[in-house]
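Structure first, then comments.
Source: prediction; values computed, not measured.
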Amino acid sequence: MSFENLVVEKVILHEVFKRRHDGALVTPRHALQLVVLPADAMGSFTERVVDAMGDASQSMELEIAESGPNSAVAQAGSLVGKPDRAFIAGSAKFADKLANAQQAKNLPGGIVVVFTGTVSASPRPFVAIIKAEKQSGFRERGTAIQYLTDLFLTPASKLYKIGFFTLVDARRNLPEAWSAHVYDSHMTQRNREGAAKYFYGTFLGCRLPENSAYLTRSFFENTREFIRQLPVEPEVKDDLLTSLYTYLKVDQTPIIQVNSFSTAYLPNDAHDQYTNYMRSKNFPLTAVQKDIADLAGQLRKRRVRFSGSIELSGPPEAFKDLINMETVMADGAGPGQSAEWTRITIKDRIRTQE
């Protein structure tokens with residue numbers, strides 16, 4: 001979804017607090033009036049939101065899991081087109097909902113910005129919520145404009161999360177009428193689970209989408225971890241890891257499946273253990289469309305690291321066809337050295353040296 005042509009019509013700031021040492025909830029501070037931003041500040045605020053939501057590595061679409069009368073998406077729907085007084089009162093419910101969602105005592109408080117307007121070339125109503133952590137240099141006393149400047153409008157300000165609900169089809173019922181996106185400064189393209197679950201799950205009532213790219217990456221990471229834990233010889237483990245790279249990158253089969261990988265590559269006595277392991281990780285045992293978009297960097301090269309900053313790297317197909325590694329007993333190992341060494345055979349001559 002494009003977040004261009006973002007027009008912000010209403011903005012209000014509330015505040016939530018860290019829980020007390022005994023875990024008791026601290027009542028949020030509710031604002032009683034909207035924030036009226038000067039044109040330059042509004043322009044900067046809008047630009048920051050568009051940049052954040054358009055960042056593919058830290059922003060993504062979510063699936064709406066909860067759509068009951070007390071859900072975040074229902075609350076968003078209740079604010080669309082409302083006059084100022086009703087918007088002010090309704091927006092405070094987001095602060096209350098976030099405070100309740102922050103169950104862990106170590107979660108910081110922060111400013112809750114609720115804003116609404118339209119987005120996209122054919123204007124669609126949206127309601128968005130920002131939770132921003134207070135950072136060093138934050139002015140505890142000041143105007144709402146100063147709050148926004150300290151929290152969002154300086155280049156160093158990054159510790160915030162955004163939930164963004166867009167009304168995509170007013171003719172449909174909840175939740176199909178809405179789309180949901182999240183931005184989280186702790187999330188990366190390779191680690192979507194870095195997004196705070198209390199924010200996108202408990203608060204926004206959403207879940208991470210299980211699309212093909214996500215499931216393929218989940219298959220890779222879980223299978224790799226399973227292989228690393230297998231009680232087999234290092235050279236067998238190396239062959240299995242190479243097989244995993246080959247299965248995903250070199251094999252032209254358009255689907256991946258737990259049983260097919262297990263049958264083709266794993267030792268017979270590990271089949272049931274692997275199936276149970278993947279089931280425990282909630283990975284589907286049925287066929288999944290292969291999409292390595294989220295793994296492009298990881299599958300480009302395979303790396304094996306040793307002590308002394310020694311690293312062997314190369315394309316997975318090269319590991320399969322040209323490299324052989326075996327563990328041998330150390331011959332003349334000195335004090336502090338490993339009792340096992342690795343013998344590496346590369347079926348080629350040295351081409352260049354640096």
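- By the 30° and 60° cut-offs, the orientation of the rings of Tyr247 relative to Phe219 is tilted.
- Of all non-hydrogen atoms in Phe115 and Val11, the two that sit nearest each other are CB-CG2, 4.0 Å.
- In this structure a side-chain-to-backbone donor-acceptor pair under 3.5 Å is present from Lys97 to Asn70.
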Test side chain to side chain contact (heavy atoms under 4.5 Å, CB included) on Val49 and Phe3 and set out the steps. CA-CA 9 Å; Val49 172; Phe3 291 90; over 6 Å; no

Assess the residue pair Lys290 and Gln257 against the criterion (side chain to side chain donor-acceptor pair (under 3.5 Å)); give the C-alpha distance rounded to whole Å, side-chain angles, the decisive distance to 0.1 Å, and a yes or no. CA-CA 9 Å; Lys290 181 165 64 176; Gln257 190 171 19; over 6 Å; no

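- Atom NZ of Lys93 has 12 or fewer heavy atoms from other residues, nucleotides or ligands within 6.0 Å.
- Aromatic rings of His181 and Phe165 (six-membered ring for Trp) have centroids beyond the 6.0 Å cut-off, not under it.
- The CG atom of Leu32 sits 11.5 Å away from atom CZ of Arg85, with the distance rounded to the nearest 0.5 Å.
- Between Tyr277 and Phe226, the ring planes are tilted. Angles from 30° to 60° get that label.
- Inter-residue side-chain proximity for Leu244 and Thr242 is flagged as unmet; no heavy-atom pair is nearer than 4.5 Å.
- Note: the hydrophobic cluster containing Ile227 also contains Val236 (ILVMFWY, side chain heavy atoms under 4.5 Å, direct or indirect links).
- Proximity of Thr116 to Phe87: side-chain heavy atoms (C-beta onward) are separated by under 4.5 Å at one or more points.
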Show the numbers, then the answer: is there a side chain to side chain contact (heavy atoms under 4.5 Å, CB included) between Ile255 and Val288? CA-CA 5 Å; Ile255 62 171; Val288 171; over 6 Å; no

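- Going from atom CG of Leu79 over to atom CD1 of Ile88 covers 11.0 Å, rounded to the nearest 0.5 Å.
- The heavy-atom pair separating Phe283 from Ser218 by the smallest distance is CD1-OG, 3.8 Å.
- In this structure, the side-chain hydrogen bond (donor to acceptor under 3.5 Å, both in side chains) partners of Asp348, at least two apart in sequence or on a different chain, are Arg351.
- Between Ser91 and Val127 the shortest side-chain heavy-atom distance does not fall below 4.5 Å.
- Using a 4.5 Å cut-off on side-chain heavy atoms (C-beta onward), Glu9 and Thr118 make contact.
- Expressed to the nearest 0.5 Å, how far CD1 of Ile256 lies from CG of Leu215 amounts to 7.0 Å.
- Closest approach of Val182 to Tyr200, counting heavy atoms only: CG2-CB, 4.3 Å.
- Here the side chains of Phe199 and Lys131 are in contact, with some heavy-atom distance below 4.5 Å.
- The backbone N or O of Ala196 lies less than 3.5 Å from a partner atom in the side chain of Asp184, making a donor-acceptor pair.
- Cluster membership for Val80 and Ile129, using ILVMFWY side-chain heavy atoms within less than 4.5 angstrom, is shared.
- A donor-acceptor distance shorter than 3.5 angstrom exists from the side chain of Lys237 to the backbone of Leu230, with no hydrogens or angles considered.
- The two atoms that bring Lys105 and Lys18 nearest to each other are O-CE, 2.9 Å, heavy atoms only.
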Checking side chain to side chain contact (heavy atoms under 4.5 Å, CB included) for the pair Arg207/Leu62: CA distance, chi angles, key distance, verdict? CA-CA 6 Å; Arg207 57 176 170 249; Leu62 299 170; over 6 Å; no

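- A salt bridge links Glu221 to Arg217: one of the charged nitrogens lies within less than 4.0 Å of a carboxylate oxygen.
- A heavy-atom distance below 4.5 Å is found between the side chains of Glu4 and Val50.
- When every heavy atom of Ala95 is checked against every heavy atom of Val16, the shortest pair comes out as O-CG1, 3.5 Å.
- Ring geometry for Tyr274 versus Phe261: interplanar angle of 30 to 60°, hence tilted.
- Of the possible donor and acceptor atoms, none in the side chain of Ser262 sits under 3.5 Å from a partner among the backbone N and O of Val258.
- Leu248 and Leu285 fall within a single hydrophobic cluster, where Ile, Leu, Val, Met, Phe, Trp and Tyr are joined by side-chain heavy atoms under 4.5 Å apart, directly or via other members.
- Between Leu13 and the choices Val114, Val113, Ile130, the side-chain contact (heavy atoms from CB on, under 4.5 Å) rule is met once, by Val113.
- Residues Tyr198 and Leu98 meet the side-chain proximity criterion, which asks for heavy atoms closer than 4.5 Å.
- Interatomic distance, OG of Ser59 versus OH of Tyr183, reported as 9.0 Å (0.5 Å rounding).
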Decide side chain to side chain contact (heavy atoms under 4.5 Å, CB included) for Thr223 and Met278; before the verdict, give the C-alpha distance in whole Å, the side-chain angles of both, and the deciding distance to 0.1 Å. CA-CA 8 Å; Thr223 302; Met278 295 299 279; 3.8 Å; yes

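- The pair Asp22-Arg20 does not meet the salt-bridge criterion, since no charged nitrogen lies less than 4.0 angstrom from a carboxylate oxygen.
- Separating the CD atom in Glu176 from the CG atom in Asp169 is a distance of 10.0 Å, to the nearest 0.5 Å.
- Within the 3.5 Å criterion, the main-chain N or O of Thr202 finds no donor-acceptor partner in the side chain of Lys197.
- Side chain of Thr216 to backbone of Asp291: a donor-acceptor contact under 3.5 angstrom is found.
- Minimum interatomic distance between Tyr160 and Ala52 (heavy atoms only, all atoms of both residues): OH-CB, 4.2 Å.
- Under the 3.5 Å distance criterion, the side-chain polar atoms of Ser71 are matched with a main-chain donor or acceptor of Gly68.
- Under a cut-off of 6.0 angstrom, the local environment of CD in Gln33 is sparse, with at most 12 non-hydrogen atoms contributed by other residues, nucleotides or ligands.
- Using modelled atom types, no side-chain atom of Thr166 and backbone atom of Val168 make a donor-acceptor pair closer than 3.5 Å.
- Under the 3.5 Å distance criterion, the side-chain polar atoms of Asp238 are left unmatched by any main-chain donor or acceptor of Pro234.
- Asp272 CG: 12 or fewer foreign heavy atoms inside a 6.0 Å radius.
- Note that the CG atom of Leu241 and the CZ atom of Arg224 stand 8.5 Å from one another [nearest 0.5 Å].
- Contact check for Phe164 versus Val119: side-chain heavy atoms found under the 4.5 Å cut-off.
- Remark: the backbone N or O of His30 is not paired with any side-chain donor or acceptor of His14 at under 3.5 angstrom.
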